[in-house]
Amino acid sequence: MPEASLLEVRGLKKYFPIEKGLLRRVVGYVRAVDDVSLRIDKGKTLGLVGESGSGKTTLGRCVLRAVDLTDGEIVFHHDGLSTDLAQLTRREMREFRKHMQMIFQDPFSSLDPRKTVFDIVSEPLRINKIASGKALEDRVRTALEHVGLDVRYMKRYPHAFSGGQRQRIGIARALSINPQLIVCDEAVSALDVSVQAQILNLLKDLQEEFNLTYLFIAHDLSVVEHVSDDVAVMYVGKLVEQAPTQALFTRPRHPYTEALLSAIPRPDPDQPLPESGGIEGELPDPADPPSGCYFHPRCPYAEAICREQAPPLVEVAPGHIAACHFSQELELQGLEN
Ligand code: SF4
């Protein structure tokens, strides 16, 4: 087992059956996550990006076993033990969930409007029977202080708070139970840009203080740039590139990553756009993906082989993997430092 690794996902598949007719005959599968392997080291952040429908949220939900996987391993290393979460029963998984929490995209719908801040933040502690009475209240107070919320507002309801404050409540809820892994699913996407920066900074500070490990899911590369140590890019259920953040941003090796980078708004209007000019076309139907490389109908560099053969995921530089037939030849454009 690698010393510093907290989570290793190996060959993860999640296929959703397509059923037809009265007898609900299975006529095909949506391959939402198709043979994805990745690893997150303790105290680090892996950014997971791709367009809506790329499978990244399904992968996050599989990691937490919020949905059952079709195949693969999700190995969690903790206290000198390695546990394959895919093998745990539902009951065992309920017990294990105290090590992992999720922060959701929409702070407006993810908080129950009928519950007070105290009810919401204390929920994981009560469900897991970790604290009660005065100890419970102390844990909630501490969690609120860590996220910069006034403890006097504990008895208020979510509607009394702004979007950023609600997301802080969601983070306090995740934090209250002292998890090791937090899956942030589009955690700042619903917020204004200035509030996004505050929440990202808060997440970074909390990571440093508690040695937290994040799987940070976002559709926008600019959001993951400043929080991620490594970035993985998904396309139609498959991992197409993964690298240390700076390497991926400055020297992408997959045309899809280049296209995602070109879609990032630039503060400097004089900086030229990459020749690919952004991402065009639609994400293919994951129930009926194109032949060969799934990206070929949208790829400006596609050649005949791309329509016929799926490119394997190979190491193109130390710690940098990509699935493109021409990843060594193409001089793809990244962002300047
Ligand atoms: Fe484009 Fe071909 Fe590379 Fe796929 S394999 S990303 S189609 S160049």
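In listed order, ligands and their atoms are each counted from 1.
- Within the listing of ligand 1, atoms 6 (S) sit less than 4.0 angstrom from a heavy atom of H254.
- The ligand atoms of ligand 1 that sit less than 4.0 angstrom from a heavy atom of C306 are 2 (Fe), 5 (S), 7 (S), 8 (S).
- For H320 and E241, the side-chain atoms include at least one donor-acceptor pair closer than 3.5 Å.
- The hydrophobic clustering, which links ILVMFWY residues whose side-chain heavy atoms are closer than 4.5 Å, places V233 and V316 apart.
- Counting heavy atoms from C-beta outward, I305 and F326 have side chains that approach closer than 4.5 Å.
- Between the side chains of D220 and S222, at least one donor N or O lies within less than 3.5 Å of an accepting N or O.
- When each atom of ligand 1 is checked for a heavy atom of H325 under 4.0 Å away, the hits are 3 (Fe), 5 (S).
- Interface atoms of ligand 1 facing P255, defined by a heavy-atom separation under 4.0 Å, are 1 (Fe), 6 (S).
- Set against the non-hydrogen atoms of F326, the atoms of ligand 1 under 4.0 Å away are 8 (S).
- Salt-bridge formation is detected for the pair R141/E137: a Lys NZ or Arg NE/NH1/NH2 atom is positioned less than 4.0 Å from an Asp or Glu carboxylate oxygen.
- Distances below 4.0 Å separate heavy atoms of C299 from the following atoms of ligand 1: 1 (Fe), 6 (S), 7 (S), 8 (S).
- Defined by atom type and a distance below 3.5 Å, a donor-acceptor pair is present between the side-chain atoms of Y301 and E258.
- With respect to atom 4 (Fe) of ligand 1, the closest heavy atom belonging to the protein is C293 SG, 2.4 Å.
- Near H296, meaning under 4.0 Å from one of its heavy atoms, ligand 1 places the atoms 7 (S).
- Side-chain atoms of R253 and Q328 include a donor-acceptor pair closer than 3.5 Å.
- Taking 2.8 Å as the criterion, C324 does not count as a coordinating residue of atom 4 (Fe) of ligand 1, since none of its N, O or S atoms falls below it.
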